[in-house]
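Atoms within each ligand, like the ligands themselves, are counted from 1 in listed order. Index from 1, following the sequence.
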Amino acid sequence: MSDIVQLIKDKDPEQKEFHQAVIEVLETVKPVLDRNPQYGKENILGRITEPERVIMFRVPWMDDTGQVQVNRGFRIEMNSAIGPYKGGLRFHPSVNLSILKFLAFEQVFKNALTTLPMGGGKGGSDFDPKGKSDHEVMRFCQSFMAELFRHIGPNTDIPAGDIGVGGREIGYMFGMYKKLRNEFTGVLTGKSLAWGGSLIRPEATGYGCVYFASEMLSVKNDTLQGKTCLVSGSGNVAQFTVEKILELGGKVITLSDSAGYIYDEKGIDADKLAFVMNLKNIQRGRISEYVEKYPDAVYTPADAALDYNPLWNHQANCAFPSATQNEINDTDAGNLIKNGVTLVAEGANMPSTPEAVNIFLDNKIMYGPGKAANAGGVAVSGLEMSQNSMRLNWPSEEVDNRLKGIMKSIHTSCVNAADEYGQPGNYVAGANIAGFVKVVNAMLDQGLV
Ligand code: NDP
Ligand code: 2IT
């Protein structure tokens with residue numbers, strides 16, 4: 001295993017996030033490799049860590065002042081052993097090959113856990129939608145799709161949203177794909193309801209994460225009722241995480257964006273959440289504006305000089321990191337535990353550093369890693385694909401019940417795999433092993449391709 005990690009580091013020394021994601025998985029699947037010598041013989045680790053295909057392209061577009069701008073577009077088609085490539089698109093200035101390869105790698109195992117037939121992929125651009133007009137975003141999305149359309153399709157690769165890509169961006173990209181291909185197909189998920197979207201897809205990641213947290217609590221005969229929760233981010237995942245926590249009787253006291261966080265001791269209730277949804281989704285404003293509307297709350301600007309995030313340093317029972325990767329470091333993990341947190345459910349992808357994860361595991365925290373806890377989003381994307389294939393729409397209760405069932409099944413798979421390999425209660429090992437075994441066996445069935 002260490003040979004493979006060294007090889008990956010030698011090949012792409014700058015891809016730190018990708019190395020991080022690979023090391024976490026490879027460390028936990030070691031007992032599986034020991035039990036199945038044919039995996040080693042077939043060099044399954046070498047194969048599963050190399051993307052099937054990496055597409056990288058120029059995205060030229062014109063801004064509102066008539067200046068020509070150039071961004072970089074990517075799609076990582078990581079693994080198609082159990083279904084077509086599936087995974088989101090991220091538009092954020094930090095996007096690079098390392099971040100997208102880590103996300104695509106995580107997606108492979110996450111998608112395997114959903115029980116649905118989806119391979120793993122991820123893509124995006126270093127384009128920053130923040131501060132751009134709708135027309136600029138449209139021109140960018142059209143240019144992005146003018147290349148991506150050659151590589152995707154409803155049976156090949158089905159992108160969706162992620163950071164910086166929501167309903168607006170999916171709409172512009174779908175329109176361009178349809179024009180170029182002259183086909184109305186389910187090539188993207190997260191579409192609007194009127195043109196092929198699924199009910200509950202916008203809610204799915206946040207709701208699913210809270211369902212997963214409830215499953216972890218139910219093992220201890222506990223529920224979210226009366227629990228105080230810390231949530232980071234204020235985008236799609238954070239908003240619907242808050243909505244579901246409130247519905248289940250919990251209290252949420254924090255939200256954030258990249259500029260800072262708000263602490264509302266009284267709790268973010270349904271009215272305040274409606275304000276946040278309007279602020280972020282319609283006004284495209286900043287979370288700092290929350291304290292102008294609700295002056296009892298406190299806004300703290302982000303401070304890069306601090307080696308910890310004060311958001312994670314409040315008395316609480318549960319934490320739902322829902323912003324971005326590596327947003328909880330070892331100091332934050334220590335602060336969470338010191339402040340009474342006993343459950344961490346990751347809405348974001350890889351929000352905890354390896355050191356933070358070890359602290360959670362050593363302290364027997366109920367820790368649901370992203371690839372299990374946030375799989376509800378891609379799961380409902382899978383259900384959107386099913387509905388598109390059948391050319392019908394399920395009512396929201398049907399989708400929500402399926403989502404609940406899938407999150408329960410992911411939880412059971414994690415628990416069983418962790419038990420089977422002698423690490424009871426370790427959801428990291430459980431999620432990695434359950435996802436890995438499914439994908440690897442499919443790869444072996446299909447030969448050396
Ligand atoms: P959104 O773009 O809707 O929201 C992202 C939120 O995170 C914003 O509040 C944003 O603040 C904040 N954020 C983004 N980058 C940073 C950063 N570098 N530092 C601090 N804050 C940051 O994205 P989503 O809610 O969709 O995604 C959030 C997380 O959930 C990501 O990790 C994503 O990969 C993961 N995820 C998303 C799924 C989905 O279905 N959408 C499914 C599964 C996981 P700001 O506005 O300042 O940028
Ligand atoms: O990280 C993720 O799982 C997503 N951004 C959702 C992917 C999808 O295809 O719905």
(request) Just need the protein heavy atom nearest to atom 10 (O) of ligand 2, so name the residue and atom and give the distance. (result) Ser381 OG, 2.5 Å
(request) Taking atom CD of Glu398 as the centre, report whether more than 12 heavy atoms of other residues, nucleotides or ligands fall under 6.0 Å from it. (result) yes
(request) Anything under 30° is parallel, anything over 60° is perpendicular, the rest tilted; go ahead and classify Tyr211 against Tyr207. (result) perpendicular
(request) Could you check atom 7 (C) of ligand 2 against the protein and tell me its nearest heavy-atom contact, residue, atom and distance included? (result) Gly88 N, 3.5 Å
(request) Kindly indicate whether a cation-pi arrangement holds for Lys244 with Phe320, taking the cut-offs as under 6.0 Å to the six-membered ring centre and within 45° of the axis. (result) no
(message) Any nitrogen or oxygen of Gly161 lying under 3.5 Å from a nitrogen or oxygen in ligand 2? Just yes or no.
(response) yes
(request) Indicate the ring-plane relationship of Phe144 and Phe57, choosing parallel, tilted or perpendicular according to the 30° and 60° boundaries. (result) tilted
Put together the list of close N/O pairs, under 3.5 Å, between ligand 1 and the protein, could you?
{"residue": "ligand 1", "atom": "2 (O)", "partner": "Gly164", "partner atom": "N", "Å": "2.9"}
{"residue": "ligand 1", "atom": "3 (O)", "partner": "Asn236", "partner atom": "N", "Å": "2.9"}
{"residue": "ligand 1", "atom": "9 (O)", "partner": "Ser234", "partner atom": "N", "Å": "3.0"}
{"residue": "ligand 1", "atom": "9 (O)", "partner": "Ser234", "partner atom": "OG", "Å": "3.3"}
{"residue": "ligand 1", "atom": "11 (O)", "partner": "Ser258", "partner atom": "N", "Å": "3.3"}
{"residue": "ligand 1", "atom": "25 (O)", "partner": "Asn236", "partner atom": "N", "Å": "3.2"}
{"residue": "ligand 1", "atom": "25 (O)", "partner": "Val237", "partner atom": "N", "Å": "3.0"}
{"residue": "ligand 1", "atom": "30 (O)", "partner": "Gly347", "partner atom": "O", "Å": "3.4"}
{"residue": "ligand 1", "atom": "32 (O)", "partner": "Ala323", "partner atom": "O", "Å": "3.4"}
{"residue": "ligand 1", "atom": "32 (O)", "partner": "Asn349", "partner atom": "N", "Å": "3.2"}
{"residue": "ligand 1", "atom": "34 (O)", "partner": "Arg90", "partner atom": "NH2", "Å": "2.9"}
{"residue": "ligand 1", "atom": "34 (O)", "partner": "Asp162", "partner atom": "OD1", "Å": "2.7"}
{"residue": "ligand 1", "atom": "34 (O)", "partner": "Asp162", "partner atom": "OD2", "Å": "3.2"}
{"residue": "ligand 1", "atom": "34 (O)", "partner": "Asn349", "partner atom": "ND2", "Å": "2.8"}
{"residue": "ligand 1", "atom": "40 (O)", "partner": "Arg201", "partner atom": "NH1", "Å": "3.4"}
{"residue": "ligand 1", "atom": "40 (O)", "partner": "Arg201", "partner atom": "NH2", "Å": "2.9"}
{"residue": "ligand 1", "atom": "40 (O)", "partner": "Thr205", "partner atom": "OG1", "Å": "2.8"}
{"residue": "ligand 1", "atom": "46 (O)", "partner": "Arg286", "partner atom": "NH1", "Å": "3.3"}
{"residue": "ligand 1", "atom": "47 (O)", "partner": "Ser258", "partner atom": "N", "Å": "2.8"}
{"residue": "ligand 1", "atom": "47 (O)", "partner": "Ser258", "partner atom": "OG", "Å": "2.4"}
{"residue": "ligand 1", "atom": "47 (O)", "partner": "Arg286", "partner atom": "NH1", "Å": "3.3"}
{"residue": "ligand 1", "atom": "47 (O)", "partner": "Arg286", "partner atom": "NH2", "Å": "2.7"}
{"residue": "ligand 1", "atom": "48 (O)", "partner": "Lys130", "partner atom": "NZ", "Å": "2.9"}

(request) Under 4.0 Å from a heavy atom of Ala160: give me the atoms of ligand 2 that qualify, with their elements. (result) 8 (C), 9 (O), 10 (O)
(message) Just to be sure I read this right, does ligand 2 sit under 4.0 Å from the backbone of Glu106, its side chain, both, or neither, counting only heavy atoms?
(response) neither
(request) Taking only heavy atoms of Gly87 into account, list the atoms of ligand 2 that are under 4.0 Å away from them. (result) 7 (C), 9 (O)
Ignoring hydrogens and angles, write down the donor-acceptor pairs under 3.5 Å from the side chains of residues 270-277, residues two or more places apart or on other chains.
{"residue": "Lys272", "atom": "NZ", "partner": "Asp264", "partner atom": "OD2", "Å": "3.0"}
{"residue": "Lys272", "atom": "NZ", "partner": "Gly267", "partner atom": "O", "Å": "3.1"}

(request) Select one of side chain, backbone, both or neither to describe which atoms of Asn349 lie under 4.0 Å from any atom of ligand 2, heavy atoms only. (result) side chain
(request) Looking only at protein heavy atoms, identify the closest one to atom 2 (C) of ligand 2 and say how far it is in Å. (result) Lys110 NZ, 3.2 Å
(request) Check each of Lys86, Arg201, Glu384, Gln387 against Thr189 using the side chain to side chain donor-acceptor pair (under 3.5 Å) test, and report the only one that passes. (result) Lys86
(message) Donor-acceptor pair, distance only, cut-off 3.5 Å: does the side chain of Thr342 make one with the backbone of Ile365?
(response) no
(message) Using a plain distance cutoff, I'd like to know if Arg201 has any nitrogen or oxygen under 3.5 Å from a nitrogen or oxygen of ligand 2.
(response) yes
(message) Is it the case that the side chain of Asp332 and the backbone of Asn309 share a donor-acceptor pair, with hydrogens and angles ignored and the cut-off at 3.5 Å?
(response) yes
Side-chain donor-acceptor contacts of residues 89-104 below 3.5 Å, not counting sequence neighbours, with atom names and distances?
{"residue": "Arg90", "atom": "NE", "partner": "Asp162", "partner atom": "OD2", "Å": "2.7"}
{"residue": "Arg90", "atom": "NH1", "partner": "Gln325", "partner atom": "OE1", "Å": "2.9"}
{"residue": "Arg90", "atom": "NH2", "partner": "Asp162", "partner atom": "OD2", "Å": "3.1"}
{"residue": "His92", "atom": "ND1", "partner": "Ser94", "partner atom": "N", "Å": "3.2"}
{"residue": "His92", "atom": "ND1", "partner": "Ser94", "partner atom": "OG", "Å": "2.8"}
{"residue": "Asn96", "atom": "OD1", "partner": "Ser98", "partner atom": "N", "Å": "3.1"}
{"residue": "Asn96", "atom": "OD1", "partner": "Ile99", "partner atom": "N", "Å": "2.9"}
{"residue": "Ser98", "atom": "OG", "partner": "Lys16", "partner atom": "N", "Å": "3.3"}
{"residue": "Ser98", "atom": "OG", "partner": "Glu17", "partner atom": "N", "Å": "3.1"}
{"residue": "Ser98", "atom": "OG", "partner": "Glu17", "partner atom": "OE1", "Å": "2.7"}
{"residue": "Ser98", "atom": "OG", "partner": "Phe18", "partner atom": "N", "Å": "3.4"}
{"residue": "Lys101", "atom": "NZ", "partner": "Gln15", "partner atom": "OE1", "Å": "2.8"}

(request) Just jot down the ring pair (Phe, Tyr, Trp, His ring centres under 6.0 Å) partners of Tyr367, sequence neighbours excluded, or say none. (result) Phe360
(request) Output the list of atoms in ligand 2 that are nearer than 4.0 Å to some heavy atom of Lys86, sorted by atom number. (result) 8 (C), 9 (O)
(message) Does Tyr261 form a ring pair (Phe, Tyr, Trp, His ring centres under 6.0 Å) with His314? I'd like the steps, not just the answer.
(response) CA-CA 12 Å; Tyr261 83 99; His314 293 278; 5.7 Å; yes
(request) Look at ligand 2 and say whether Lys122 reaches it with a heavy atom at a distance under 4.0 Å. (result) yes
